[in-house]
Amino acid sequence: MDLQQLFDRLLASYGPRHWWPAQTPFEMALGAFLTQNTAWTNVERAIDALRAADALTPAGIAALADGRLEALIRPAGYFNQKADRIRRFVAHLQQRHGGSLERLLAGEPAALRVELLALKGVGPETADSILLYAGGHPSFVVDAYTRRLGERIGFLDGTEGYETVRQYFMQRLPAAAPLFNEYHALIVEHAKVRCRKRAPLCADCPLRRDCRYGKSQS
DNA sequence: GCCCAGGTGGGTA
DNA sequence: TACCCACATGGG
């Protein structure tokens, strides 16, 4: 089973995921910071609070009084760290791109990725998420779910670095943002409904015939 | 009470 | 490079 066949099976099983769940690129980027090692349900509470405070824009974030951002995003966890990271991100947009994420994202993808990775709190997954889901650039997103699936199917062994896994996908798939978008979203959906860390639901998993974990469990 | 959740940065050897 | 740890809330 190659990566295109894996994609086809996931899509047939779960259908289009319509990612990223956000109304604007900036809201999407905030979600990328907030979801770092955090369940999305908690991120939604934080996003809802930011929306109610009219703080889903760079200017809205910048206008918040001291401590207000921390209070609003508290449900998403790591709120002190994340508030600092979001403020730095907003400051970068204001200083370099006229306060507009869209202007930043209009740049050349490879240079953009370097620029994003230089920011505090923007690691490879956050950078690729922003590039792909906010910018529409074909940069494959790797996360814990991608690694878990790769290990269970057998094309990863768990020791590969982020960039190695990213290149594994990008070298085997056409560089198309819609494909990368749907692929990552489907991997997350699969992990949430089937491929759990400790409680795998392998009995009627669409990938069970190709899954090492499923075989060892059944 | 425990484990888990769409990571990242800083420190150490 | 490879580990270790802090960061923090909320659900199962």
Side-chain angles (χ1 to χ4, degrees), chain A residues 6-7 10-11 14 16-22 25 27-50 67-92 113-135 137 139-152 156-169 177 179-201 213:
Chain A
L6 175 59
F7 174 82
L10 290 171
L11 183 62
Y14 304 110
R17 307 315 307 155
H18 307 295
W19 267 30
W20 184 293
E27 179 184 336
M28 183 269 128
L30 289 179
F33 281 99
L34 293 171
T35 198
Q36 292 171 356
N37 201 41
T38 300
W40 184 253
T41 52
N42 289 353
V43 176
E44 287 182 315
R45 297 165 193 254
I47 295 280
D48 288 346
L50 290 169
R68 183 81 170 122
L69 180 55
E70 284 83 349
L72 291 170
I73 69 172
R74 188 183 183 99
Y78 306 123
F79 54 87
N80 289 313
Q81 267 193 355
K82 288 176 179 176
D84 181 60
R85 292 170 178 184
I86 289 167
R87 281 200 197 90
R88 287 169 180 269
F89 179 64
V90 168
H92 180 81
R113 190 166 192 266
V114 172
E115 180 177 346
L116 288 169
L117 287 173
L119 299 173
K120 289 288 186 190
V122 180
E125 182 180 343
T126 305
D128 288 328
S129 294
I130 292 172
L131 286 170
L132 179 61
Y133 290 104
H137 298 297
S139 193
F140 201 89
V141 177
V142 175
D143 65 357
Y145 295 155
T146 311
R147 297 166 183 283
R148 188 188 307 165
L149 180 62
E151 284 184 58
R152 291 186 180 181
L156 298 178
D157 66 21
T159 65
E160 298 89 351
Y162 183 97
E163 193 58 28
T164 302
V165 178
R166 176 170 177 261
Q167 287 304 320
Y168 184 89
F169 280 86
L179 173 63
F180 290 1
N181 176 324
E182 197 62 56
Y183 213 138
H184 176 66
L186 286 166
I187 288 172
V188 172
E189 181 66 13
H190 177 67
K192 285 182 175 176
V193 306
R194 292 284 172 213
C195 203
R196 313 293 292 284
K197 192 168 187 178
R198 296 251 176 188
L201 304 171
Y213 198 100

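Every chain is numbered from 1 and lettered A, B, ... according to where its sequence line falls, protein lines coming before strand lines.
The nearest whole Å value for the distance from the CZ atom in A/Arg196 to the P atom in C/dG11 is 15 Å. Atom CG of A/Leu34 and atom C1' of C/dA8 are 13 Å apart (whole Å). Whole-Å rounding puts the A/Lys82 NZ to C/dG10 C1' distance at 12 Å. Note: CD (A/Gln36) to C1' (C/dA6) measures 14 Å, nearest angstrom. If you take CD1 of A/Ile47 and C1' of C/dG10, they are 16 Å apart, rounded to a whole angstrom. One can place CD of A/Gln81 at 11 Å from P of B/dT8, the figure rounded to the nearest angstrom. A/His184 places its NE2 atom 8 Å from the P atom of B/dG7, with the value rounded to the nearest Å. Between the CD1 atom of A/Ile130 and the C1' atom of B/dG7 there is a distance of 13 Å, given to the nearest Å.
Going from atom CG of A/Asn42 over to atom CD1 of A/Ile73 covers 12.0 Å, rounded to the nearest 0.5 Å.
Nucleic acid contact for A/Leu119: sugar-phosphate only, since backbone atoms but no base atoms lie under 4.0 Å from a heavy atom of the residue. Here A/Ala76 lies out of heavy-atom contact (under 4.0 Å) with every strand. Counting any heavy atom pair closer than 4.0 Å across all strands shown, A/Asn37 reaches a base atom. Among the atoms of the strands shown, base atoms are found under 4.0 Å from some heavy atom of A/Arg85. Using a 4.0 Å heavy-atom criterion, one finds that A/Val122 contacts the sugar-phosphate atoms exclusively.
Between A/Phe140 and A/Phe180, the angle of the ring planes goes over 60°, which puts this pair in the perpendicular group of the 30/60° scheme. The aromatic rings of A/Phe7 and A/Tyr183 sit tilted, their planes meeting at an angle between 30° and 60°.
Each of A/Thr126 and A/Ala39 was matched to the nucleotide of DNA chain B holding its nearest heavy atom; the match closer to the 5' end belongs to A/Ala39. When the nearest nucleotides of DNA chain C are assigned to A/Thr159 and A/Tyr78 by heavy-atom distance, the more 5′-ward of the two goes with A/Thr159.
Taking only side-chain nitrogens and oxygens, A/Arg148 comes nearer than 4.0 Å to OP1 or OP2 of B/dA5. At B/dA5, none of the side-chain N or O atoms of A/Lys192 fall inside 4.0 Å of OP1 or OP2 (strictly under the cut-off).
A 4.5 Å side-chain heavy-atom check between A/Arg113 and A/His137 finds every atom pair outside the cut-off.
Listed nucleotides C/dG10, B/dG7, B/dG10 differ in distance to A/Asn42; the shortest reach to its side chain belongs to C/dG10. Listed candidates were C/dG10, B/dG10, C/dT9. Nearest to the side chain of A/Lys120 is B/dG10. For A/Glu125, the side-chain atoms get nearest to B/dG7 when compared with the rest of B/dA5, C/dG10, B/dG7.
Nucleotide C/dG10: paired with B/dC4 (Watson-Crick or G-U wobble, both distances less than 3.5 Å).
Salt-bridge annotation for A/Glu163 and A/Arg166: present, with a side-chain N of the basic residue lying under 4.0 Å from a carboxylate O of the acidic one. Comment: A/Arg87 engages A/Glu70 in a salt bridge, judged by a side-chain N to carboxylate O separation of less than 4.0 angstrom.
For the P atoms, the distance from B/dG10 to C/dA8 is 14 Å, rounded to whole Å.
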